[in-house]
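Beneath this line is the structure, given in structure tokens, with notes to follow.
Convention: sequence-line order gives letters A, B, ...; per-chain numbering from 1.
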Number of protein chains: 4
Amino acid sequence: MKIALLNEFSQAWKNDIVLRELKDVVEPMGHTVYNTAMAKPLVAQDVPEAYTEENPRLTYLHLGIQACLLLNSGAADFIVTGCGTGQGAMMALNAFPGVVCGYCIEPSDAYLFLQINNGNALSIPYAKGFGWGAELNIHTIFEKAFGSPKGMGYPNEPGRKESQNRNAALLNEMKAAAGKPVLEGLKAIDPALVKGALTQRFLDCFYEGCKCDELRAFVEEMAK
Amino acid sequence: MKIALLNEFSQAWKNDIVLRELKDVVEPMGHTVYNTAMAKPLVAQDVPEAYTEENPRLTYLHLGIQACLLLNSGAADFIVTGCGTGQGAMMALNAFPGVVCGYCIEPSDAYLFLQINNGNALSIPYAKGFGWGAELNIHTIFEKAFGSPKGMGYPNEPGRKESQNRNAALLNEMKAAAGKPVLEGLKAIDPALVKGALTQRFLDCFYEGCKCDELRAFVEEMAK
Amino acid sequence: MKIALLNEFSQAWKNDIVLRELKDVVEPMGHTVYNTAMAKPLVAQDVPEAYTEENPRLTYLHLGIQACLLLNSGAADFIVTGCGTGQGAMMALNAFPGVVCGYCIEPSDAYLFLQINNGNALSIPYAKGFGWGAELNIHTIFEKAFGSPKGMGYPNEPGRKESQNRNAALLNEMKAAAGKPVLEGLKAIDPALVKGALTQRFLDCFYEGCKCDELRAFVEEMAK
Amino acid sequence: MKIALLNEFSQAWKNDIVLRELKDVVEPMGHTVYNTAMAKPLVAQDVPEAYTEENPRLTYLHLGIQACLLLNSGAADFIVTGCGTGQGAMMALNAFPGVVCGYCIEPSDAYLFLQINNGNALSIPYAKGFGWGAELNIHTIFEKAFGSPKGMGYPNEPGRKESQNRNAALLNEMKAAAGKPVLEGLKAIDPALVKGALTQRFLDCFYEGCKCDELRAFVEEMAK
């Protein structure tokens, strides 16, 4: 599975911690990790000097656009994201069809979300409650998110899995109905916002794995 | 403020607890509570005998439709929702433009979401972690959600509020761009799903407060 | 390592869940589990008919006495306990010299306690917050408690481990100074309370592993 | 009620935050707050230059001694304490008769502990999980700890209060039996440790409120 980690500016200085814990857990399982949004900035403060052309300032809005492109093109199979509380990233991702993003404070949140809701993205708080033990907590979150097949339903009772999978499928349909087709939606967004999301590390991951000619053409055009 | 409580079938047997705690907290503040989705069913099991015409079986998908109609029509100003983990309800609500739904496990989640993300809906788990103290926890969640003006930013640092409000506004724009116009989106959804969401208590609240002729006409047509 | 599970009456009807999760985690590690206090009673209500001679009604006070005898005699190396909130059991255990009992709501609590405080007992809430996911939570708590050597210090900074181990040792000394010698303390407690703690499954575990002649003689005398 | 706040060295640089939140909550209720252990040190690092004669380096062991003297002499009615995880402080306090210290991560922990266990001390983690929202969390913890009469029992079911109060009283008896009399226990502890706990702000609070001649004489002797 291709897993992309997406951090925004406010907690980007913790990107190296999250990336390390994610790789520690999922690489031995055979998954590949891409770090497509922000890496650790030059300084922890939100000042222009913190950012470079290779590591520009991204907000949770950019993360939503990256996730939409990565998941809908097949360039990534799963997104790990978050922000200060994780709520902004969670909502920005859920704004798009094809993205099913849960919110996760502790390990059993992750497990239950993947069993019940069968999603393809997780948003985590990287400032709220982030003190001693936070790196242990996200390590264990990753263990419980990726340590077993998803979509099995919970709790283990007759009919529960089928009912939960049905609702998960219906949610995808309802989102597809309420939203525009992916490409049409992306074209309706402020182009400056879309262009801002197309950083070099994102493009490397996207071009490597994109299986959708339309989305590839769109990204090539916007990245010019 | 008009606050609507939306419960689905799996945790509907706790609707009376949530409704009581919500009213206890917000009525003294001058808010009005509507209980528009499921009330406590006749039996706690998910069997046909649990439900009645007045209290039919609703899933989190129906909650999304109710929230969309209530918030976009002005019939409600805020939605309190949830399900077993709260993730399904959160995603179903966030599928729609005009709905900004946070996820909330404990009181400071609610406070931070309202200060940072300035949303109009909260989803809460009513089975996950719901043991001794759960009614205290949701009581305090409501105190912290509704006890102070929202959108003030967090933490209290220069520029933080402005930056966070700007991102919250941009998220609304991005969602509006990615999604269809509200009415068009609703018309694209399986009509059986929409009709299923239009229960009597929902209609009472909707008709009482709806300020949008188009949405009213749509609901009247679908509720026939 | 010999690990004893100690449940009291109020949450004893969950003993089978806790016991199963504990065994699932620690038996593959080579540890042995003893279930020395309450097993699942005949009915969930706290009525005389719930209890039998083999499974009498025990409170957290009895758990403190059992833990004191098991740990100070060498019959057990570690205690897993708890009650409705886990606070009563935690305090009853900490009343005794030789018992170092932490409190644990989620997995990183367990890990940090064992790394920093190097204890030999953990108390867990079995009613507070005990809803969907609770069995996953205690499973993961046991993984993090027993999955690595304890007393390594936290966070991983120069001098931290030494400083924390020193304080843990000094706490044992201070408790030994403030308390009576173990046997003298046990003799000063209401004999009816002590006798009540000496149930058959406790005695089986105690006699099997006790390495202290004085404590064995005391128990034999009290159990007559 | 006289409430004493007790911080040790590792999290003392947060003492001003905790003190502010505690006063904000309890002074309007008519309670008086004493800050008897560590105040904010000169620098956040644990180096000799951080500390002064007025604000010496105290560990959780010293906090246990302070709490024992304050509660058993009547100089304080309640203790708020903690350390990195809060476990060390909790165990150091519970080492002494007359001190009934609960552990508290979030607001309902505090409420349940005071209703069920009727204690006189609370230990809180000031590093574990201490990120965005931490000051809100401790504020709400204090609201729920001190906002209603304690010892009322939980949940509200027939006989629950009586049973819980009985066990709380029996715990006090069992601790008194297992421990030495307070003064005897204090005299058995390493005098250097006791002397180290007798800082100026502690002495001010102790002498102001001490109602026990024996303990006063002991402190006067040790503080020489």
Side-chain angles (χ1 to χ4, degrees), chain A residues 8 10 46 59-61 64-65 68 83-88 90-97 100-106 108-109 112-113 116-117 119 123 125 127-129 154-155 159-160 163-164 166-168 170-171 173-180 182 184-190 193, chain B residues 8 10 46 59-61 64-65 68 83-88 90-97 100-106 108-109 112-113 116-117 119 123 125 127-129 154-155 159-160 163-164 166-168 170-171 173-180 182 184-190 193:
Chain A
E8 44 73 74
S10 83
D46 181 23
T59 69
Y60 58 72
L61 300 157
I65 294 165
C68 173
C83 50
T85 62
Q87 307 264 15
M90 174 272 282
M91 293 191 298
L93 268 72
N94 280 321
F96 293 98
V100 180
C101 183
Y103 184 78
C104 176
I105 291 182
E106 47 93 3
S108 52
D109 294 329
L112 294 176
F113 173 69
I116 296 172
N117 302 97
S123 186
K128 194 253 167 183
Y154 179 94
R160 191 70 85 156
S163 162
Q164 290 173 343
R166 191 165 50 243
N167 285 339
L170 288 171
L171 176 62
E173 286 180 25
M174 191 171 81
K175 282 189 69 170
K180 294 173 188 155
V182 173
E184 193 183 323
L186 287 166
K187 286 181 175 170
I189 294 172
D190 175 5
L193 200 59
Chain B
E8 44 73 75
S10 84
D46 180 24
T59 69
Y60 58 71
L61 300 157
I65 294 166
C68 172
C83 49
T85 62
Q87 307 264 16
M90 173 273 279
M91 293 191 298
L93 268 73
N94 280 321
F96 293 98
V100 180
C101 182
Y103 184 78
C104 176
I105 290 182
E106 49 94 0
S108 53
D109 294 327
L112 294 176
F113 173 69
I116 295 172
N117 302 95
S123 186
K128 195 253 165 181
Y154 179 92
R160 191 69 85 157
S163 162
Q164 291 174 342
R166 190 165 52 244
N167 284 339
L170 287 171
L171 176 61
E173 285 180 26
M174 191 171 81
K175 280 189 70 168
K180 295 173 186 154
V182 174
E184 193 182 324
L186 287 166
K187 285 181 176 171
I189 294 172
D190 176 4
L193 202 58

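Residue A:C83 holds its SG atom at 7.0 Å from CG of B:N117, rounded to the nearest 0.5 Å. Note that OG of A:S10 is 8.0 Å distant from CD of B:Q164, once rounded to the nearest 0.5 Å. Rounding to the nearest 0.5 Å places CE of A:M174 at 5.5 Å from CD1 of B:I65. A distance of 10.0 Å separates CG in A:L171 from CG in B:N94, rounded to the nearest 0.5 Å.
A:L193 touches chain B through its side chain: at least one heavy atom from C-beta onward sits under 4.5 Å away, while N, CA, C and O do not. In this structure, no portion of A:A127 lies under 4.5 Å from any heavy atom of chain B. With a 4.5 angstrom heavy-atom cutoff, A:V100 touches chain B via backbone and side-chain atoms both. Only the backbone of A:C101 comes within less than 4.5 Å of a heavy atom in chain B; its side chain stays farther off. Proximity to chain B (any heavy atom under 4.5 Å) is shown, for A:E173, by neither the backbone nor the side chain. Heavy atoms of A:M91 lying under 4.5 Å from chain B belong to its backbone as well as its side chain. Residue A:D46 does not touch chain B at all, counting heavy-atom pairs closer than 4.5 Å. Residue B:I116 touches chain A through its side chain alone, counting heavy-atom pairs closer than 4.5 Å.
Chain B forms the most heavy-atom pairs under 4.5 Å with one residue out of A:A188, A:A92, A:A178, A:G185, and that residue is A:A178. Contacts with chain B were tallied for A:V182, A:T85, A:L186, A:D109; A:D109 has the most, counting heavy-atom pairs under 4.5 Å.
Looking at residues two or more places apart in sequence or on another chain, you find a side chain to side chain contact (heavy atoms under 4.5 Å, CB included) between B:N167 and A:T59, A:Y60, A:L61, B:S163, B:L170. A search for side chain to side chain contact (heavy atoms under 4.5 Å, CB included) contacts involving A:P125 returns A:Y103, A:I105, A:K128, not counting sequence neighbours.
Contact record, B:K180 with A:G179: CE-O, 3.2 Å, taken as the closest heavy-atom pair.
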